[in-house]
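The structure under discussion appears below in the form of structure tokens.
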Number of protein chains: 2
Amino acid sequence: MDGGVIKRAGVTSFQVAEHAGVSQSAVSRTFTPGASISTKTRAKVLMSAKELGYRPNAIARSLITSRSRIIAVVMAYLENLFYPDVLEELGRLLAAEGYHLLLFTGFMDRDSDPVFDQLMQYQVDGIILASTSLSSELSDECATAGIPVVLFNRTTERDSVSSVTSRNREGGRLLADFLVAGGHKSFGYIAGIENSSTNRDRLGGFREQLLVHGVDELVIRTGNYSRVEAQVAAREMLSLPVRPEAIFVANDHMAVAVMDVARYEFGLSIPDDLSIVGYDDAGPARWPSYGITSVSQPVNEMTSATVDILLDQIHSGDMEPLHRIVSGELIVRSSARQPAAGVIEIDGRCLYRPSPGT
Amino acid sequence: MDGGVIKRAGVTSFQVAEHAGVSQSAVSRTFTPGASISTKTRAKVLMSAKELGYRPNAIARSLITSRSRIIAVVMAYLENLFYPDVLEELGRLLAAEGYHLLLFTGFMDRDSDPVFDQLMQYQVDGIILASTSLSSELSDECATAGIPVVLFNRTTERDSVSSVTSRNREGGRLLADFLVAGGHKSFGYIAGIENSSTNRDRLGGFREQLLVHGVDELVIRTGNYSRVEAQVAAREMLSLPVRPEAIFVANDHMAVAVMDVARYEFGLSIPDDLSIVGYDDAGPARWPSYGITSVSQPVNEMTSATVDILLDQIHSGDMEPLHRIVSGELIVRSSARQPAAGVIEIDGRCLYRPSPGT
DNA sequence: AAAAACTCTGCATACGCATGCAAAACGCTT
DNA sequence: AAGCGTTTTGCATGCGTATGCAGAGTTTTT
């Protein structure tokens, strides 16, 4: 009963070999780039393969090569359009290199263990961690297991694992310069997840540069990168007896929520009554209804750096952690009062680049 | 040289077996739910496994069971927040069932072949097609290959493959009722991808019901579900000698773009000068700055129906195509002039439910 | 024309696990 | 204590492919 039954989708290399009158090895070599095979037999095999509807079984191939050509991407949440954007670009880049993207999402801080287990079981070739809140043990453990890991938009203290970030500290400084130059006197900060490196750096740079300008007061509330928590934070901050003239919100995703609260719950006019600046230059920030003045994180540059590092490590087997830091720009829009000088237009975008002497 | 080398992460069931003093079969059975194994040996194996850091190799398991526990999700684009939302929920549901999500994105209409090849090679257990524009041949071909497929938010004429949609035709009708009841006299429609089923149905229902109200003129422009194309379409439509009083935009993603054009390029006040309604009730539609009156597509209901159907088909092997159609609500916000009657408030949401007799 | 240097090809094996089958161990009953 | 049924165990095999090795075939060199 094994000779007459035609299995649905189970065409194997043996059947193709038989049909083409060659050995199974020949079939395998036909589908292995760079293998030693003559043009003639290759053609024969390809013809038989097409006729039988054969496709190499990636699972079996993975088993023997111990390479799955699968990259795991771990993202905490997709609510923030910056991440879908990143995800799409990562997919594109990986596909171009013949890799595939296994998505893990929705795992915030706790419960990272099951995720990790899954990753390991699937023998993924590499891992991209774009989750701002995943325990750093996980990344260490992966590194130990010999699986290349790249942190996206995040770093750890111990630099045992590669990362790609933007100059968050400089971004924070630049925003401080911008707001001070714009004549603001009092400032607020709505934080992301407090122990995330991006949050620490953005706040650090902001506060540092405010100090340079002689400002040592900064009202802080926490929004944990969540829309609703940011709204709560905004309500608190705007209800203060004297509310800050300018608020730096740790990312655009929250900044949108904060703007909505300011406008529709407090009736404030932006930027006349209140200036708001954000970070990421993500989708909604660019929409005219928000027009958020924001420091950009260049998605293309960051994603391609990520994929480059990851694939390099996979192919070379070299585990030396690399850190790529890319530069963003302060993109000036309408959500914050502008300084008299320093705003220039390049390629249709308004940027803030204070002259060095100031 | 094979006996002394310790491979990085290559702990196999044999090594665990040896360490625990049992056979490899015992190890396998320990990690196979429902297999025949005594509590005692199971405990021994688990202990050894933990000590050696053993994890079953999912690839090898897949090879033998011919079940990968991987579901492919094909999405054309993530720019529209509705889809990231869906994606996240699908990930959650699949993870809960022990399945994983292989993401394919960025492939619009053409070039579906490579995607298909990849899918087949990875022996995915099922496919969720949330791409509004992928050729229907693909879905047929998968069905032929015996891989369960569910179309998400989309159907085909030949109902050879399962699908989950919402009542798009009814939604279109309801919007027509709503706008007519709101006193609008002239209407426009900004279309999605023209041959997509959702677009056809929404437009069909809208136009049909306008006719019922004696309106037979409808200005149509196409936005192809893309933000920039929707902007172009909006500019055209709003530049018309007599512009429509109300515009139905085929989804919220485009409606946001249209609102921005209307407000910031044409200086129109919404809803005083122009009413806009959308579809999906996606993220930005709910943000106060847009507040789009929109027919909802319940993400949770749709995703869980999708996963249910898919897993059912995988487990039963039954290929009978199922079609689940879920109901949405017309959620009333501020982007369109409201009718005098029919708007009711339930659970803090304003809905439009015209009394049947009208 | 023979030898040398390549290029192809098939054979055999291994990757890590699941599972049918038969033997062994166990728990009860008579 | 022997017989029976039930659970547990190990053996052996197979899933579909890649690849080292040796032999066959082909081209180049002397």
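The chains referred to below are lettered A, B, ... by the order of the sequence lines, with proteins before strands, and numbering in each begins at 1. As the structure is a prediction and not an experimental result, all values here were calculated from the model.
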Would one find a side-chain N or O of [X] under 4.0 angstrom from OP1 or OP2 of [N]?
X       : N      : value
B:Ser28 : C:dA18 : yes
A:Thr41 : C:dC8  : no
A:Ser23 : C:dG10 : yes

_Could you check whether the side chain of A:Ser25 and the base of C:dC11 have a donor-acceptor pair of N or O atoms closer than 3.5 Å, going by distance alone?_
yes

*With a 3.5 Å cut-off and just heavy-atom distances, do the side chain of B:Arg55 and the base of C:dG16 make a donor-acceptor pair?*
no

*Angle of first-five versus last-five pair axes in the helix from C:dA1-D:dT30 to C:dT30-D:dA1, to 10 degrees*: 40°

Atom [atom1] of [X] and atom [atom2] of [N]: how far apart are they, to the nearest Å?
X        : N      : atom1 : atom2 : answer
A:Gln24  : D:dG16 : CD    : C1'   : 8 Å
A:Ile37  : D:dA18 : CD1   : P     : 12 Å
A:Glu18  : D:dT17 : CD    : P     : 14 Å
B:Arg29  : D:dT8  : CZ    : P     : 11 Å
B:Lys44  : D:dT9  : NZ    : C1'   : 11 Å
A:Phe14  : D:dG14 : CZ    : C1'   : 11 Å
A:Tyr122 : C:dG16 : OH    : P     : 17 Å

*List for me each residue that meets side-chain contact (heavy atoms from CB on, under 4.5 Å) alongside B:Ala58, sequence neighbours excluded, and say none if there are none.*
A:Gln121, A:Tyr122

Quick check: closest heavy atoms across [X] and [Y], and the distance to 0.1 Å?
X        : Y        : result
B:Leu310 : B:Ile127 : CD1-O, 3.8 Å
B:Gln313 : B:Pro321 : NE2-CA, 4.2 Å
B:Ser162 : B:Glu320 : OG-O, 4.2 Å
B:Ile314 : B:Pro148 : CG1-CG, 3.8 Å

_Working to the nearest 0.5 angstrom, can you tell me the gap between B:Glu51 CD and B:Leu46 CG?_
12.5 Å

*Do A:Tyr54 and A:His19 pass the ring pair (Phe, Tyr, Trp, His ring centres under 6.0 Å) test, and can you show the C-alpha distance, the side-chain angles, and the key distance before you say yes or no?*
CA-CA 11 Å; A:Tyr54 169 76; A:His19 185 275; over 10 Å; no

*Which residue, B:Asn57 or B:Lys40, contacts DNA chain C at a nucleotide closer to its 5' end, judged by nearest heavy atom?*
B:Asn57

*Pick the nucleotide of DNA chain C nearest each of A:Ser36 and B:Pro56; which residue has the one closer to the 5' end?*
A:Ser36

_So if I take residues 60-68 of chain B and measure heavy-atom distances to DNA chain D, which residues fall below 4.0 Å?_
B:Leu63, B:Ile64

Over all strands shown, is [X] touching base, sugar-phosphate only, or nothing at heavy-atom distances under 4.0 angstrom?
X       : answer
A:Phe31 : nothing
A:Ser38 : sugar-phosphate
A:Val27 : nothing
B:Ile59 : nothing

*Dump the intermediate steps for ring pair (Phe, Tyr, Trp, His ring centres under 6.0 Å) on A:Tyr77 and A:Tyr225, then the final yes or no.*
CA-CA 10 Å; A:Tyr77 65 129; A:Tyr225 295 134; 7.2 Å; no

*CA sep, side-chain torsions, deciding dist, call: B:Thr30, B:Thr32, side chain to side chain contact (heavy atoms under 4.5 Å, CB included)*: CA-CA 6 Å; B:Thr30 299; B:Thr32 305; over 6 Å; no

*Evaluate the ring planes of A:Phe152 and A:Tyr83, with Trp represented by its six-membered ring, and classify them as parallel (under 30°), tilted (30 to 60°) or perpendicular (over 60°).*
perpendicular

